[in-house]
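Have a look at the structure below, then the notes.
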Amino acid sequence: MNLTHRPRRLRQDRVRGLVSETSLEPSDLIAPVFVDATTDERVPIESMPGHERVPIDGIVDRVEAVLETGVEAIMLFGIPESKDPEGSRAWAEDGVIQEALRRVTSETDAYVITDVCLCEYTDHGHCGPLEEELRTDGSIVEADGPACEPTLTVDNDATLEALERIVVSHARAGADMVAPSGMMDGMVGVVRSALDEAGFERVPIMSYAAKYESAFYGPFRDAADGAPSFGNRRHYQMDPANSREAMREVRLDAEQGADVMMVKPALPYLDIVSAIRREFDHPVAAYNVSGEYAMLQAAAEKGWLDLEDAALESLLSIKRAGADLILTYFAEDVAEGLTGGR
Ligand code: PBG
């Protein structure tokens with residue numbers, strides 16, 4: 001049989017590697033790590049098998065374990081010892097992230113990125129201090145129900161002031177990069193000028209540029225104790241229906257000086273990853289979130305799929321879509337698989 005086109009020629013074992021279009025390296029991965037000021041012991045996170053909240057005293061060991069796998073960067077999340085309406089422990093000199101940062105940066109070689117948000121620090125669990133929601137004519141929006149109480153929403157501009165304090169406190173404690181994640185208007189610009197004014201012009205910003213209001217954050221909210229106590233985040237995080245809006249968000253962040261553009265979640269939003277890759281020349285990061293991790297873990301636990309293969313394929317697909325960097329709870333396991341000669 002004379003077939004001109006036989007694509008299978010290039011799928012033979014000895015040539016597959018040569019024509020492979022995408023590669024995944026441990027250095028592409030960022031491992032999220034949870035540090036908890038309320039405990040002296042490691043606490044397993046039930047909805048994220050294999051992950052734990054570690055006490056401040058255990059953070060250096062935890063980060064060393066990440067580095068041993070070949071992963072070079074971590075994203076640090078903190079659970080503070082106490083919460084209040086403003087989230088003031090987020091910028092405390094002796095706050096959980098600040099303490100952890102000083103130890104990790106002085107005792108390890110990890111590249112440390114900090115998540116900059118207030119939802120783990122406010123007692124109501126929203127990503128900033130609250131204000132009454134107003135209609136365009138200035139009248140107060142009342143919540144449903146007989147009490148006629150005002151509806152509350154996050155105060156954008158008050159949150160920006162808090163973010164300025166947080167990033168400067170993180171940079172002082174040694175953060176290598178900061179990642180504002182609250183989806184507040186103007187957040188990248190204020191973070192950039194706050195860092196510059198404090199002398200941290202070399203600290204880059206990874207913006208959670210296109211962060212969607214997603215059901216896939218569920219397990220994380222258990223892990224970091226950051227679920228909103230009422231309502232949801234749809235007044236600040238993006239509507240999953242929108243993709244042109246993501247380009248607008250990224251453009252604004254680019255104008256305000258973001259160095260790296262992140263999309264979150266990853267797998268349900270690969271169209272957004274690839275659109276940003278095409279339209280912008282910034283490095284693109286994708287956050288393979290807690291729900292994406294928990295789904296595969298749960299299916300594997302039932303024996304319904306092979307965890308290692310499914311995780312590797314997921315991360316490879318995120319890179320193929322155009323991501324340069326991937327934040328993932330699979331970072332350590334996949335990196336070990338990669339360096340183990342898979
Ligand atoms: C903080 C933040 C969240 C995540 C990362 N940073 C929670 C949220 O927006 O509710 C989610 C990460 C994950 O699900 O893995 N704003």
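Numbers here simply count residues along the sequence, with the first being 1. Ligands are counted one by one from 1 in listed order, and the atoms in each one are counted from 1 as well.
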Options Ser290, Pro180, Ala223, ranked by nearest heavy atom to atom 14 (O) of ligand 1, top entry: Ser290
Under 4.0 Å, heavy atoms only, figure out whether ligand 1 is touched by the backbone of Tyr293, its side chain, both or neither. neither
Within ligand 1, which atoms have a heavy atom of Gln237 less than 4.0 Å away? 8 (C), 9 (O)
Is Arg233 close enough to touch ligand 1? Criterion: a residue heavy atom under 4.0 Å from a ligand atom. yes
is_close_aromatic(Tyr212, Tyr217), centroid dist under 6.0 Å: no
Closest non-hydrogen protein atom to atom 2 (C) of ligand 1, residue and atom name please, with distance? Lys211 NZ, 3.5 Å
At a 4.0 Å threshold, what atoms of ligand 1 neighbour a non-hydrogen atom of Asp115? 1 (C), 6 (N)
For Cys117, counting its heavy atoms only, list the atoms of ligand 1 lying under 4.0 Å from any of them. 16 (N)
Contact between Ser181 and ligand 1, counting heavy atoms under 4.0 Å? yes
Taking the non-hydrogen atoms of Phe77, is any one of them nearer than 4.0 angstrom to ligand 1? yes
Closest to atom 4 (C) of ligand 1 by heavy-atom distance, out of Lys264, Glu213, Arg221, His126, is Lys264
Only residue of Glu332, Glu107, Glu52 satisfying salt bridge (charged side-chain N to carboxylate O under 4.0 Å, His left out) with Arg62 is Glu332
Under 3.5 Å, side chain of Lys319 to main-chain N/O of Ser23, donor-acceptor pair present? yes
Can you tell which of Tyr212, Tyr329, Tyr236 gets a heavy atom nearest to atom 15 (O) of ligand 1? Tyr329
Give me the one residue out of Asp84, Asp123, Asp94 that meets salt bridge (charged side-chain N to carboxylate O under 4.0 Å, His left out) with Arg89. Asp94
The protein heavy atom nearest to atom 1 (C) of ligand 1 is Cys119 SG, 3.4 Å
Heavy atoms of other groups near Arg165 CZ, more than 12 under 6.0 Å: yes
Are Leu252 and Leu195 joined in one hydrophobic group, where the rule is that I, L, V, M, F, W and Y side chains link up if heavy atoms are under 4.5 Å apart? no
The reported gap from OG in Ser214 to CG in Asp239 (rounded to nearest 0.5 angstrom) is 12.0 Å
I'd like to check which ligand 1 atoms, numbered from 1 as shown, lie under 4.0 Å from a non-hydrogen atom of Tyr287. 12 (C), 15 (O)
Checking side-chain contact (heavy atoms from CB on, under 4.5 Å) between Ile59 and each of Val35, Ile74, Asp36, which is the one that passes? Val35
Salt-bridged, Lys83 to Asp225, with N to O below 4.0 Å? yes
